[in-house]
Amino acid sequence: MADQLISTAEHDKLPGSYVRPETQRPRLHEVVTDADIPVVDLASSDGAAVVAQIGAACRSHGFFQVLNHGIPVELMLAVIEVAQDFFRLPAEEKAKLYSDDTAKKIRLSTSFNVRKETVHNWRDYLRLHCHPLEQYVSDWPANPPSFREIMSTYCSEVRELGFRLYAAISESLGLEEDYIKKVLGEQEQHMAVNFYPKCPAPDLTYGLPAHTDPNALTILLMDQQVAGLQVLKEGRWIAVNPLPNALVINIGDQLQIEPNPKLPPPS
């Protein structure tokens, strides 16, 4: 099944299994490209303003960008580079990790669910379970040689950022800052390292179609050379244009229904 990976070669023609019916194709001409999503500077000295901005962004878009988030730029660049190096590995090396079993916590696959789909999505991805790191990191790719060190450092940094964002979101709802963290309990964490090859016909297919994330919070490091992410607001698809060194935050299904501020904090 690993021969289904689309990261193993360049493509000058879109295979038929990726061509969507005409009614399901992207309408790229309708995408709003000049209406940016909210941006929050986490280094602002006005903590109350930061909380208010995050709360407003969660309500208005469910998406926002964060600047000065504390994750070193050098680490972010290293993550993108080592991810690209992984997908450049020879097909036989990547095939060692391939699986279309959606229950596996660590696997390389393609599209979304190739067992059940009639039309595929134009992406390959590496799924890594990340918490607790010591339980899973030994099963992560051994190539490139720096992969485990770079990705595990990044996962740890992202986890702490996620808890900071939980605190701000809790406060924006008038709750104690540890409310969401306590309600959600011991949080799992996983990383999807997505690879979107150059597409020969982007008007006929998707990297990923419209969806919501089933988790609580997604922290997205976007390669600025790869466009395409959009958020739906008031019936219009708005292009997400990441600022340099920013991270894009997406509120998932678990946080979409906000806690009731009248409830006491969990014990």
Checking Lys181 against Tyr166: charged group under 6.0 Å from the ring centre and within 45 degrees of the axis?
-> no
Same apolar cluster: Ile106 and Tyr98, side chain cutoff 4.5 Å | yes
Between Ser7 and Lys94, do the side chains contain an N or O donor and an N or O acceptor separated by less than 3.5 Å?
-> yes
Once you round to the nearest 0.5 Å, how far does CD of Gln224 lie from CG of Asn245?
-> 7.5 Å
Are the side chains of Phe147 and Leu128 in touch, meaning some heavy atoms are under 4.5 Å apart?
-> yes
Rounded to the nearest 0.5 Å, what separation is found between the CZ atom of Arg127 and the NZ atom of Lys105?
-> 7.5 Å
Compare all side-chain heavy atoms of Leu161 with those of Leu247 and state whether any distance is below 4.5 angstrom.
-> yes
Run the salt-bridge test on Arg159 and Glu186 with the 4.0 Å N-O cut-off and return the result as yes or no.
-> yes
Sub-4.5 Å side-chain heavy-atom contact between Asp101 and Arg115 | yes
Please tell me if the side chains of Phe86 and Leu97 come closer than 4.5 Å, counting only heavy atoms from C-beta onward.
-> yes
Who passes salt bridge (Lys or Arg N to Asp or Glu O under 4.0 Å) against Asp85, sequence neighbours left out?
-> Arg88
Might you point out which heavy atoms bring Val32 and Arg236 nearest each other, and give the distance in Å?
-> CG2-NH1, 3.8 Å
Under a 4.5 Å side-chain heavy-atom rule over Ile, Leu, Val, Met, Phe, Trp and Tyr, are Leu5 and Val119 clustered together?
-> no
Anything under 30° is parallel, anything over 60° is perpendicular, the rest tilted; go ahead and classify Tyr18 against Trp122.
-> perpendicular
What's the shortest heavy-atom distance between Pro209 and Asn121, and which atoms?
-> CD-OD1, 3.2 Å
Can you tell me if Arg164 uses its side chain to pair, donor with acceptor, with the backbone of His69 under 3.5 Å?
-> yes
So, Gln4 versus Asp100: side-chain donor-acceptor pair below 3.5 Å or not?
-> no
For Thr33, does its backbone N or O pair with a side-chain atom of Asn241 as donor and acceptor, under 3.5 Å?
-> yes
Measure the shortest side-chain to side-chain distance between Glu10 and Pro197 over non-hydrogen atoms and say whether it is less than 4.5 angstrom.
-> no
Do Val66 and Met191 share a hydrophobic cluster (ILVMFWY, side-chain heavy atoms under 4.5 Å, transitive)?
-> yes
Just by distance, do the side chain of Ser170 and the backbone of Ile180 share a donor-acceptor pair under 3.5 Å?
-> yes
side-chain contact (heavy atoms from CB on, under 4.5 Å) partner of Val248, chosen from Leu243, Leu220, Thr218 = Leu220
Crowded around Glu81 CD? As in, over 12 foreign heavy atoms under 6.0 Å?
-> no
So Leu108 and Phe87, side chain to side chain contact (heavy atoms under 4.5 Å, CB included) or not? Walk me through it.
-> CA-CA 10 Å; Leu108 173 67; Phe87 283 103; 3.8 Å; yes
Would you please test Thr102 and Arg107 for side chain to side chain contact (heavy atoms under 4.5 Å, CB included) and show each step?
-> CA-CA 9 Å; Thr102 58; Arg107 65 190 180 97; 3.7 Å; yes
Nearest 0.5 Å, what's the CG-OG distance between Leu126 and Ser109?
-> 10.5 Å
Between CE of Met151 and CG of Leu133, what distance do you get to the nearest 0.5 Å?
-> 12.5 Å
Evaluate the side chain to side chain contact (heavy atoms under 4.5 Å, CB included) criterion for residues Ile251 and Leu217: first the C-alpha distance (whole Å), next the side-chain angles of each, then the deciding distance (0.1 Å), finally the verdict.
-> CA-CA 5 Å; Ile251 301 302; Leu217 200 66; 3.6 Å; yes
Judged by atom type as modelled, is there a donor-acceptor pair below 3.5 Å linking the side chain of Asp124 to the main-chain atoms of Ile6?
-> yes
What heavy-atom pair brings Ser172 and Val51 nearest, and what distance separates the two atoms?
-> N-CG1, 3.4 Å
Look at the side-chain heavy atoms of Ile, Leu, Val, Met, Phe, Trp and Tyr, link any pair under 4.5 Å apart, and say whether Val240 and Phe64 land in one connected group.
-> no
Donor-acceptor under 3.5 Å (Ser152 side chain, Glu149 main chain) = yes
Separation between OH of Tyr196 and OH of Tyr206, rounded to the nearest 0.5 Å = 13.5 Å
If only atom types and distance count, is the side chain of Arg25 paired as donor or acceptor with the main-chain N or O of Arg20 below 3.5 Å?
-> yes
Give the minimum heavy-atom separation between Ser60 and Lys233, together with the two atoms involved.
-> O-NZ, 3.2 Å
Here the pair of heavy atoms bringing Leu75 nearest to Glu157 is CD2-CG, 3.9 Å
Minimum side-chain heavy-atom gap Asn250-Val231 below 4.5 Å = no
Answer whether the closest heavy-atom distance between the side chains of Pro200 and Lys13 falls below 4.5 Å.
-> no
The reported gap from CD1 in Ile169 to OH in Tyr179 (rounded to nearest 0.5 angstrom) is 14.0 Å
Write down the atom of Leu229, the atom of Met222, and the distance for their closest heavy-atom approach.
-> CD2-SD, 3.7 Å
Within one Ile-Leu-Val-Met-Phe-Trp-Tyr cluster: Ile219 and Val226, side-chain cutoff 4.5 Å = no
Distance-only donor-acceptor pairs under 3.5 Å for side chains of residues 136-144, two or more places apart:
residue : atom : partner : partner atom : Å
Trp140  : NE1  : His129  : O            : 3.2
Asn143  : ND2  : Glu93   : OE2          : 3.0

Flag, side chain of Thr110 to backbone of Arg123, donor-acceptor distance under 3.5 Å = yes
